[in-house]
Protein chains: 2
Amino acid sequence: MKRIYMDYSATTPVDKEVIDEMAPYFGKYFGNPSSIHSFGRDAYDAIEKSRSKIADILNADADEIIFTSGGTESDNLGIMGVAYLNKDKRKRKGNNIITSSIEHPAVLETCKYLEKQGFNIKYLPVDKYGLIRIEDLEEAISKDTFLITIMYANNEIGTIEPINEIGKIANKYDVLFHTDGVQAVCKTPIDVKKLNIDLLSISSHKIYGPKGVGALYIRKGVKIRSLTHGGGQEKGLRSSTYNTTGIVGLGKACELGKIRLKEDMSQLKYLRDELIKNTLKIELSYLNGHPIKRLVNNANFCFEAIEGESLNMMLDEKGIASATGSACSSKNLQASHVLTAIGLNPEKAHGSLRLTLGRENTERDIKYIDNVLPDVVENLRKLSPLWDR
Amino acid sequence: MKRIYMDYSATTPVDKEVIDEMAPYFGKYFGNPSSIHSFGRDAYDAIEKSRSKIADILNADADEIIFTSGGTESDNLGIMGVAYLNKDKRKRKGNNIITSSIEHPAVLETCKYLEKQGFNIKYLPVDKYGLIRIEDLEEAISKDTFLITIMYANNEIGTIEPINEIGKIANKYDVLFHTDGVQAVCKTPIDVKKLNIDLLSISSHKIYGPKGVGALYIRKGVKIRSLTHGGGQEKGLRSSTYNTTGIVGLGKACELGKIRLKEDMSQLKYLRDELIKNTLKIELSYLNGHPIKRLVNNANFCFEAIEGESLNMMLDEKGIASATGSACSSKNLQASHVLTAIGLNPEKAHGSLRLTLGRENTERDIKYIDNVLPDVVENLRKLSPLWDR
């Protein structure tokens, strides 16, 4: 059976060029980058080259990048690292953090945890497209606010938040601005300097790099506290033997991502628009997220009277890998907090289908889905107690 | 020039069989293990197989293993995870942790951090071989003690601590026992059940697996708190997309480590003993650590009037990769806390040479070192103001 992968926002395969770039670091250049002998120096050099490649896609400087084990750790370190320094040293004003109600769990759960630790968290609502309102943000800021953490683009519905405006507000009120860039990096051009971003989280496995590695951009001058303790790597901010292969892979993925950005974006956008156009022909189907301010690879639908989980499984049987909600919560039967936040009732929120495209998808994939999906929806509706036509 | 690697305690190359095992998970089986479609299920199955292989080398059960980004994270999670649960819920008695003065920084710095957070830490001294005394341990335990964290074997001098006795004491006083097993795993047989170990840290890149992955054994029934927050993987204890390739690699490394344990141990011990015998022929040279209770691959020497850093560099020029102290602190000019703790004065503690052997070392390597090292030491001594013969 043909197998079509349309879950690129959950994870991507590692690019062949990335695998080739990593390969020598498993064997030939396996040294510990912290060792002073030649084996160590070879590895150290590779890490510093990677750091530059990552900085490059953000218009940051190499010494503003630190390596982590992935997007979740980057989010945790960026947010808690700032919060705890604030708690310890009272360097900044108060105790307040502003976030949105549609963040990835890595941000949302971190905020909830900090709430239990005595921080005040303001969860901004979003409109029906998943956009925060700048007026809400400005209103939420008080003299006690020290951090805004709002995602660059949403992982479920693909909505791109008004990062430029958020950065301006953060700058105006002298509040730090962290953004979870996990879904946006390599899918839209990002310039942290222009956008006034102080901290940005990156995950390697969302951009054709290996799993188990990520990065956190920390603007020069921004102080954070480490979450773990040990050998003192990464200026003491992230102790652990360097994951050389992973870091080299992430660097290469960023390099390729930069080169291919325009081409990737136009191809993905073309395929996505075809997919959306075809799918919305299905009776009582709706697009979730913003029609224009959305990631080039994201399509997210609701189908009246359809349960998302069943739809995923039926599509899987037809060889199509899709998602409902995010991969993290896909084994969890709660309705998506994102779909609830944009105003969908629980039935609809349970009935979503996320199709996220990547470099290997083709027009034939889009056509195959167009052949399969309407029948699958029809068959499921026949079985649904909510469908009475 | 011939290049000889004798820094296997800093890191190891990835075994070819491990690389082969990982390879399909970069591409063919790249799915997110948390996804419910077939791509996800393939990856999920691989992770659960790996979990069993890791449990296997410890005589643990698969559901007692959770995956981390490496040894440092495992140590941090094991220690802080237990400490914070204690702090939050007051489930256990008091506020006291017992450790040793020669722990790896991942343990020592974590304990120092907890000290600042209000925990009481008792740092046990060690004897001239680096062994803690069981009497000291028993004396240090009070009704307020909830955790003992003492390393299985020391990373610098190779001394193997009396784990069996420590486990008995922990059991007797109903105190949790965590051990940093990073250097010991696959170099000595470990049975967590027999040894009464509650938590044990593993690092993949020390046992011919990839960097960026590790594991923490948590005995069934032992509760810990997570350090990061997110998608809820690993029963909520370690949120982050599974590093499938890394985990598969660690599993294979453990499988191979188990098969080869006897052979590895006897070969390494033979080479190590030759190395020690040869090296101690050098005038005013000393072996650090215990002569018998030591890791099969560890040799650690002091040479009167020699500065370790210079010795490392001279050996590097001769193609020999060695260490002074651990890789983590090798760019740090402070005298080793381990050598200081076993009673060496700062001059001697600065003059140490660590040679740690691995699977690829041969008798020819030992002979080469025997040819090179005496001259290097002699030449350095000629330049040393401390040498006046």
Side-chain angles (χ1 to χ4, degrees), chain A residues 3 5 7 10-14 16 19 26-27 30-32 34-40 69-73 75-76 104-106 109-110 112-113 203 205 210-213 227-233 239-246 309 312-313 316 321-323 327-332, chain B residues 3 5 7 10-14 16 19 26-27 30-32 34-40 69-73 75-76 104-106 109-110 112-113 203 205 210-213 227-233 239-246 309 312-313 316 321-323 327-332:
Chain A
R3 277 174 103 202
Y5 187 74
D7 199 11
T11 193
T12 60
V14 184
K16 284 205 171 58
I19 297 175
F26 288 119
F30 71 92
N32 188 323
S34 300
S35 297
I36 56 170
H37 48 63
S38 63
F39 292 84
S69 68
T72 294
E73 188 188 335
D75 283 338
N76 274 263
H104 185 275
E109 294 300 320
T110 301
K112 284 184 195 164
Y113 171 75
S203 166
H205 77 97
K211 293 179 177 63
V213 60
L227 301 183
T228 52
H229 314 279
Q233 287 87 348
S239 290
S240 191
T241 295
Y242 286 99
N243 174 4
T244 318
T245 44
E309 199 90 342
N312 280 168
M313 286 186 211
D316 189 39
S322 65
C328 291
S329 56
S330 67
K331 286 178 180 171
N332 174 335
Chain B
R3 278 172 103 203
Y5 187 74
D7 199 11
T11 193
T12 60
V14 183
K16 285 205 171 58
I19 297 175
F26 287 118
F30 70 91
N32 188 324
S34 300
S35 297
I36 56 171
H37 49 62
S38 63
F39 292 84
S69 68
T72 294
E73 188 187 336
D75 283 338
N76 275 262
H104 185 275
E109 294 299 321
T110 301
K112 283 183 194 164
Y113 171 76
S203 164
H205 77 98
K211 293 178 177 63
V213 60
L227 301 182
T228 52
H229 315 279
Q233 287 88 348
S239 290
S240 191
T241 295
Y242 285 99
N243 174 5
T244 319
T245 45
E309 198 91 340
N312 279 169
M313 286 186 209
D316 189 39
S322 65
C328 291
S329 55
S330 65
K331 286 177 179 172
N332 175 335

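Order of the sequence lines fixes the chain letters, A, B, ..., with proteins taken first and strands second; residue numbering starts at 1 for each chain.
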Largest heavy-atom contact set with chain A, pairs under 4.5 Å, which of T110(B), V213(B), L227(B):
T110(B)
Against chain A, work out which of K112(B), R3(B), M313(B) has the most heavy-atom pairs shorter than 4.5 Å and name it.
R3(B)
For the residue pair H37(A) and S322(B), confirm or rule out a side-chain donor-acceptor distance under 3.5 Å.
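Judged by distance alone, the side chains do not pair up.
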Greatest number of heavy atom pairs closer than 4.5 Å to chain B - which of S203(A), G71(A), G31(A), S38(A)
S38(A)
Gap separating the CD atom of E109(A) from the OG1 atom of T228(B), nearest 0.5 angstrom:
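Answer rounded to 0.5 Å: 11.5 Å.
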What distance separates T11(B) OG1 from F39(A) CZ, expressed to the nearest 0.5 Å?
11.5 Å
Honestly, the part of N243(A) sitting under 4.5 Å from a heavy atom of chain B is both
Any idea which heavy atoms bring N32(A) and A10(B) closest together, and the distance?
ND2-O, 3.2 Å
Check: F26(A) and P13(B) side chains under 4.5 Å, non-hydrogen atoms
no
Option from D75(A), T72(A), N76(A) for which side-chain contact (heavy atoms from CB on, under 4.5 Å) with H229(B) holds
N76(A)
Please say which of T245(B), T241(B), T244(B) ends up in a side-chain contact (heavy atoms from CB on, under 4.5 Å) with H205(A).
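So the option named by the test is T241(B).
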Over 60° means perpendicular and under 30° means parallel, so tell me whether F30(B) and Y5(A) are parallel, tilted or perpendicular.
perpendicular
